[in-house]
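In what follows, a single structure is set out as structure tokens and then discussed.
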Amino acid sequence: MSDVVEKTLTALPGLFDSQTGAAKITNRLRQLIKSITELTSKHEEENLIKKELSAMKEQVSSPNTTMKQMREIMVRAMYCEMLGYDASFTYIHAIKLAQQGSVLEKRVGYLAVSLFLNEGHELLLLLVNTVLKDLQSTNLIEACMALTVVAQVFPKDMIPAVLPLVEDKLSHPKEIIRRKAVLALYKFYLIAPNQVQHIHAKFRKALCDKDPGVMTSSLHIYLQLIRESPDSYKDLTGSFVTILKQVVGGKLPVDFNYHSVPAPWLQIQLLRILSLLGKEDQSTSELMYEVLDESLRRAEMNHNITYAILFECVKTVYTIHPKAELLEKAARCIGNFVLSPKINLKYLGLKALTYVVQHDAKLALQHQMTIIECLDHSDFTIKRETLELLFRITNAQNVTVIVEKMLNFLRSCNDEHTIIHLVGKVAELAEKYPFN
Amino acid sequence: MIKFILMVNKQGQTRLSKYYEQVELGKRAALEADVVRGCLARRKEECSFVEYKDYKLVYRQYAALFIVVGITENENELSIYELVHNFVEVLDKYFSRVSELDIMFSLDKVHIILDEMILNGHIVETNKNRILAPLLALDKMAES
């Protein structure tokens, strides 16, 4: 990135337009950015932003300020707040911009609202009418941005006002609208679950939608629902297995690939869902063995993202009802991670060991030497993860050694949170093994 | 879930911040400075994940810019590490090889792109074409 930065920095003076009234405002944003790049102290920053905020105060109250200029002012306000300075006098104008601006201005208005306001803010009520209008717009782009902002920040009490419109969008011909409607309903479920109880049947429709994007968005709701009550959704296991099979088998359009891996984050999401469904349930787990085996086999490529999928796969294999062949493959996978020279993989391997050690203590024993090496690793993160693992494999024989290692670590540790966490662990062990 | 995404340069100046959990305005600068300090203290050969307070940071460096994502315990660190790269690839596609200045001059557009990828702290879209489609449509409409 750096030589492009150099080139752009030298070209900066040339970017300033002529001095007409409208261009002056465009210059203001560029001027602000230029000044920000030249700041050398906190004091300078305070002065700059103070001046900026008072200039903006004047402009927002002026009747001559156009929506185009207002958009620039919003971006400047975003900058000020990003640096930590309050620009709350602009909030109402953000809503006005969303109401009155042309399409790009409207989007920036909505963006500003999503950045500035949060759930309980009183000004949000003023947004509702604009959202209602845009949801009914024949312009798809406007409907999309309304759905996006609804999914980001919307007053809980006004959900009934928009719910019918959003529900309606679930059967829209365009996939992007259906997808965003599902995500808006997910948001509603998070903040007011009782309001969306009646539309569970519609989520099923979304799950079976012919468009993979719509199906994917329904998974967020399903993950939540299944976490809360896995038994009610066991009947969907077959569907999730089929979807994962299709994804892993490369049935999605090629633009869903990331570095030749088909929809990796979707695979991870599905693996998490299967993990929850198969836990402590033999018959449900049996439905998954084949696709898990396939996933373990397919993720052979040497890319971080396939390792991420493998990690999730391994976790799932160890969570659901055990199958010997799968466990063997998963154990081998963990071994490869732990022994890897790539530090990120080693970390993942340790994390996996910590997770599986409750199911298979032998695996940790197998990698004892590596674990002991990791304990003295220069990387603090690795060290800490290793201690976490050790805590899990403590027994009457090794508790003294392990507690000693923990105490050594504590002596050289500066971070408050880590200290509190570890002292708690040591206390736990002392209670469990009082005579050692 | 994802708690926040930051783009901070080596001097500690925040170029983009997006919070998916409420953090008071006054507390953000301190958090961001602390986070970037933690990442700057890491060496090249150390892993890209740091324990921070009671959650974790995943960071990735691009030239002078750090992209840092705060995540909760149950999140898959490596998948987030690659999500960051996917995000950068999307920006590269839109800006034709993105630079720190692109991000500064088009802050609103970078946010709009991010809004398509992550919502409420969850990953909602990773298909590059679908991520960029709304913004490209907006650009087209704004031109005419």
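Residue numbers begin at 1 in each chain, while the letters A, B, ... track the order of the sequences.
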Chain B contact via [X] - side chain, backbone, both or neither, heavy atoms under 4.5 Å:
X         : value
Ile305(A) : both
Glu175(A) : side chain
Tyr85(A)  : backbone
Asn344(A) : both
His259(A) : side chain
Leu348(A) : side chain
Asn139(A) : side chain
Met74(A)  : neither
Ile33(A)  : both
Leu140(A) : neither
Lys180(A) : side chain
Thr418(A) : neither
Phe256(A) : both
Val103(A) : both

Residue pair Arg42(B), Asp379(A): steps toward the salt bridge (Lys or Arg N to Asp or Glu O under 4.0 Å) verdict: CA-CA 8 Å; Arg42(B) 306 280 293 168; Asp379(A) 185 339; 3.0 Å; yes
Between [Y] and [X], is there a side-chain donor-acceptor contact under 3.5 Å, judged purely by atom types and distance?
X        : Y         : answer
Asp34(B) : Tyr52(B)  : yes
Tyr55(B) : His417(A) : no
Glu32(B) : Thr14(B)  : yes

If I measure from the heavy atoms of chain A, does [X] come under 4.5 Å with its side chain, its backbone, both, or neither?
X         : value
Leu119(B) : side chain
Glu24(B)  : neither
Glu45(B)  : backbone
Asn86(B)  : both
Lys56(B)  : side chain
Asp108(B) : both
Glu46(B)  : both

What is the minimum heavy-atom distance between [X] and [Y], and which atoms define it?
X         : Y         : answer
Arg71(A)  : Leu97(A)  : CA-CD2, 3.8 Å
Ser217(A) : Val214(A) : OG-O, 2.8 Å
Val35(B)  : Leu6(B)   : CG1-CD1, 4.1 Å
Leu138(B) : Met145(A) : CD2-CE, 3.8 Å
Gly121(B) : Tyr20(B)  : N-CD2, 3.5 Å

Just give me the residue among [options] that pairs up with chain B most often, heavy atom to heavy atom, under 4.5 Å.
options                                    : answer
Lys106(A), Glu45(A), Glu416(A), His303(A)  : His303(A)
Glu312(A), Lys346(A), Lys351(A), Gln269(A) : Lys351(A)
His220(A), His421(A), Met78(A)             : His220(A)
Leu104(A), Asn304(A), Ile141(A)            : Asn304(A)
Leu219(A), Leu115(A), Leu345(A)            : Leu115(A)
Ser114(A), Ala263(A), Pro253(A), Ser378(A) : Ser378(A)

Next on the checklist: Assess the residue pair Lys109(B) and Asp139(B) against the criterion (salt bridge (Lys or Arg N to Asp or Glu O under 4.0 Å)); give the C-alpha distance rounded to whole Å, side-chain angles, the decisive distance to 0.1 Å, and a yes or no.
Outcome noted: CA-CA 10 Å; Lys109(B) 299 202 172 175; Asp139(B) 284 341; 3.0 Å; yes
Side-chain heavy atoms of Ile268(A) within contact of Phe311(A), under 4.5 Å
no
| task | May I ask you to decide if the ring planes of Tyr81(B) and Phe49(B) are parallel, tilted or perpendicular, using 30° and 60° as cut-offs? | result | perpendicular
Answer yes or no for Arg28(B) and Tyr19(B): cation-pi contact, defined as NZ/CZ to six-membered ring centre under 6.0 Å and angle to ring axis within 45°.
yes
- Task: Identify whether NZ of Lys or CZ of Arg in Lys187(A) sits under 6.0 Å from the centre of the six-membered ring of Phe154(A) and within 45° of that ring's axis.
- Result: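 No; the conditions do not both hold, so Lys187(A) does not lie above the ring face of Phe154(A).
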Hey, mind stepping through Arg60(B) and Glu82(B) against salt bridge (Lys or Arg N to Asp or Glu O under 4.0 Å) and telling me if it holds?
CA-CA 9 Å; Arg60(B) 203 156 175 163; Glu82(B) 286 305 309; 3.1 Å; yes
